[in-house]
Every structure is written in C-alpha cells, then in structure tokens.
Amino acid sequence: MTNAQVARIFAEVADILEILGENPYRVQAYRRAAQIIENLTEDIVDLARRDELEKIPGIGASIAQKVKEIVATGRLKQHEELKAKIPPGLLEMLQIPGMGPKKVLLVYKRLGIDSVQKLEEAAKAGRLRGLPGMGAKTEQNILRGIQLLRSTRGRLPLGIALPAANKIVAELKELPQVERITTAGSLRRMKETIGDIDILITSPDPKPVMDRFVSMPMVKEVLAHGTTKSSVIIDAGTQVDLRVVPPESFGAAQQYFTGSKDHNIRLRELAIKKGLKINEYGVFKADTGERLAGEHEEEMYAALDMPWIPPEMRENWGEIEAALEGRLP
DNA sequence: GCGACACCGCATGTCC
DNA sequence: GGACATGCGA
DNA sequence: GTCGC
C-alpha cells in the first residue's frame, strides 16, 4: 500500500461526501488529509506501524484510525459504503472544470445523467437549459469544460511548462504597454508538475497586451478575452491565464497567486491574529483599512514581521514558523 | 467541550 | 435594467 | 474532521 493509494481513497471519500452534501469542513478535512499523505516524504505504512500518524498536523484521531484500517486490510469500509451510494460516473463529472457538487447532483437527480458521456450529449442537445440556474451559456461552459478535461488530463512537467512560460513572458515583455511582469502559481514555486501557467502584469493600457496574448501562434483556444483577465489553451494543452493588476497591488497579487493555497491560508490566519487583513490587493489594518503593503512582495511579508519566503518553500510545511523565528535556510 | 475553520471576485441566472 | 443569489475556484 | 482555546 503506497502513500498515493491511501491518499486516493481519502480524496474519493471527500468527493463523495461533497456530492452527498456533507459538512464542507468535514469534506475539506478529508481532502487535506489526502493531500498531506500524498506529499509525505515518509512511508505511511511505517508511520502507521510506529503509531505516529497523529503527530502529523491535519491528521487527527479519526483519520489516523482509518489509515490503520487501510494499512491492515487494504481497504476502508466507509469508502466502500460511500461508493455504493452514488453512481461512479458522478465522480468523473466532478472533475470537469465548472462542474461542482451542486451541478453534478442536479443533473443526476433531474435528468438521470450519471456519466461525462451522457452529460455531453445532454448539453449538445440543449437539455440542460431550463434546469434551475442553468441556461444556454452554462451548457456551452460545460461542453468546454469537458474538452478541457480531455485535453489537459494530467499535469505538465516543469521542464516543458517553464520554457513555454518563458517564451510567453519574453513575447509580452516586448510590448511597451507592459510594465511589470511575473509568473505565479506552481510554476513559480518550481513544482515538478504544473496545472496551469499564471502570468501577472501591470499595464496602463492592457487592451493591446491582451490582444497580443490571445493571438500568439501557440494559442490553440481562447477561453476568455477581457481587459483584466484572459485565458487561453496553448498547444501543450495547458491553460495560461494572464491577469492585469493595479501597480500598487502587484506584490500582493504576486504573493496571492503564487500560493500555495495552504501557505496563503496560514498567512491570513496569522494576519488576522495581528489585527491585519491580507488579500490579493495588499495588507491592510483590519480596523481602519489603512494600507500597509502591496506594491512589492517583500513588503507583504515584512508587514507580518517576517522575511520574504522563497516561492519554492511556500507549501505550509513549517516555513512560516521558520521565517518568524528567523531560521529560514 | 465548543466554536471556528480565509477571503473574495467572477460568471451566470433569477427576481423584481 | 439593476439588485441580488448561487456556484465555483482560487 | 481537526485544531486551539
């Protein structure tokens, strides 16, 4: 039994509970546990044997017990029981960008749709419109989401994503309307695989930049073409987002969109304790709303009394504590 | 044992 | 047409 | 479900 296998079971439990409308925090707990286990450097079986599971932050008594069950029997009774409650196709539908638990359950209950295939047929036939909260536009979005799922299954290795991103950045840099420019997301954190490419810029006149972006030769499909955000699919099948942010918020946006999500949550919690508020626009005093930082990323961390943390370390593995104590490697 | 668990913007659809 | 609600995702 | 108070 590998860490990945154990993680997968918990991830599925989370998905099913979500479709069943369970308490979102409970769902989140399973999902987070799955992620933690997957990223563990140590073998989960060894940890279970040594009874050290509960030492891992995010894993409590309940999940530790379930891990032991999986290690001992190779399966989780709760997982099997939950799987029996919903058709397997619903989990697949949940993977479609734009399809959440609510929509999945809605189309299943009202139209009996229980597979991506059936969903695609229904959307093409215009049978989805008329359902509460769904119109013609939603149908198009769903069809697009299905295409996206098929073309981007699997993440892109950094070795391929990085050159592609560099090329795009280099091309945009040539434009006089582009002031500051940076990548963000898992690419900037140098993860081994990348889900999508995020690029941020400041620009007094974004329109020509956006026009150039969506008409690059490598662009296969344009998902959105606005003045503050555009999204395209490039030939590698990867989604690339370009966002324009105000100059005074560039550092904040860079920090926010670089993540990781867990790192950001920990930062925000910390900020709240200090009477501050962090968002993608800056660091603010909670009471007066006074802006303390935002233009540069370093200031964001400085406002929280810590040194700038390199993107590669922003995974909520203790780097925030280390930074606060001044013992960043 | 009990409450909190980040914050928010965007897209879409609905209601008045 | 504009205020409001909901779902989604980051 | 997990954590901190």
Side-chain angles (χ1 to χ4, degrees), chain A residues 10-11 13-15 17-19 21-37 53-67 76 78 82 93-107 128-142 144-145 148 184-186 188-189 195-198 200 223-231 239 241 243-246 249 252-274 276-284 286 289 304 314 316 320:
Chain A
F10 286 121
V13 168
D15 282 347
L17 289 174
E18 190 170 34
I19 289 174
E22 254 290 350
N23 177 344
Y25 293 111
R26 196 169 159 228
V27 171
Q28 199 191 12
Y30 277 106
R31 192 158 285 151
R32 206 169 45 181
Q35 212 184 325
I36 289 166
I37 291 169
L53 293 165
E54 284 189 58
K55 287 187 184 168
I56 306 167
I59 301 205
S62 173
I63 288 186
Q65 180 54 45
K66 290 173 208 275
V67 171
L76 180 66
Q78 177 201 23
L82 284 171
M93 283 198 277
L94 198 58
Q95 307 306 313
I96 301 169
M99 285 294 288
K102 297 284 163 58
K103 287 206 188 100
V104 167
L105 198 62
L106 180 72
V107 298
L128 260 35
R129 63 190 75 179
L131 259 48
M134 291 211 189
K137 203 125 185 182
T138 315
E139 282 175 344
Q140 290 312 307
N141 274 347
I142 288 173
R144 212 170 59 191
L148 197 64
S186 51
R188 184 162 178 250
R189 299 203 313 280
D196 53 15
I197 297 176
D198 294 303
L200 305 175
L223 300 178
H225 182 188
T227 53
T228 60
K229 184 188 166 193
S230 292
S231 300
Q239 180 168 339
D241 293 340
R243 294 169 207 271
V244 182
V245 302
S249 299
Q254 189 180 22
Q255 194 288 316
Y256 179 82
F257 288 110
T258 295
S260 68
K261 194 174 148 189
D262 287 339
H263 174 87
N264 286 352
I265 289 174
R266 286 280 293 115
L267 270 191
R268 272 147 207 261
E269 283 172 355
L270 191 66
I272 290 169
K273 283 190 186 123
K274 286 175 175 280
L276 304 173
K277 194 166 98 90
I278 301 185
N279 55 31
E280 58 189 286
Y281 302 109
V283 180
F284 304 90
L304 297 171
R314 302 182 194 171
N316 191 27
I320 291 175

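Naming: A, B, ... by sequence-line order, numbering from 1 per chain. The structure displayed is predicted, hence computed values, not measured ones.
Each of A:Lys137 and A:Asn264 has a nearest nucleotide on DNA chain B; the 5'-most of these lies closest to A:Asn264.
Set against D:dG1, B:dC7, C:dA10, the side chain of A:Arg26 has D:dG1 as its closest nucleotide. Side-chain proximity of A:Tyr30 to the nucleotides B:dT12, D:dG1, B:dC8 is greatest for D:dG1. Across D:dG1, B:dG9, B:dA6, the shortest atom-to-atom separation from the side chain of A:Arg268 is found for B:dA6. When distances run from any side-chain atom of A:Asn141 to the nucleotides B:dA11, C:dA10, B:dA6, the shortest one goes to B:dA11. Nearest nucleotide to the A:Asn23 side chain, out of D:dG1, B:dT12, B:dG9: D:dG1.
When all heavy atoms of A:Thr258 and A:Arg189 are compared, the closest pair comes out as O-NH1, 2.7 Å. Across every non-hydrogen atom of A:His263 and A:Gln255, the tightest pair is CD2-NE2, 3.8 Å. The shortest heavy-atom contact between A:Asn264 and A:Tyr256 is ND2-O, 2.9 Å.
The residue A:Leu267 sits apart from the nucleic acid: no heavy atom pair falls under 4.0 Å. Within the 4.0 angstrom heavy-atom criterion, only backbone atoms of the sugar-phosphate kind lie near A:Lys277; the bases stay farther away. Among the protein residues, A:Gly98 comes within range of the sugar-phosphate backbone only, with heavy atoms under 4.0 Å from sugar or phosphate atoms but none that close to a base. Across all strands shown, A:Ala136 has heavy atoms under 4.0 Å from sugar-phosphate atoms exclusively, and none from any base. Contact annotation for A:Phe10: no contact, since no heavy-atom pair falls under 4.0 Å across all strands. At a threshold of 4.0 angstrom between heavy atoms, the contacts of A:Pro57 are confined to the sugar-phosphate backbone, with no base atom among them.
How far CD1 of A:Ile265 is from CD1 of A:Ile320: 10.5 Å, rounded to the nearest 0.5 Å. Distance check: A:Leu128 CG to A:Ile142 CD1 gives 5.0 Å after rounding to the nearest 0.5 Å.
With its ring centre under 5.5 Å from that of the base six-membered ring and a plane angle below 30°, A:Tyr25 counts as stacked on B:dC5.
B:dA6 is unpaired under the criterion used here, namely a Watson-Crick or G-U wobble arrangement in which both key atom distances are under 3.5 Å.
Between the C1' atoms of B:dC8 and D:dT2, the separation comes to 24 Å (whole Å).
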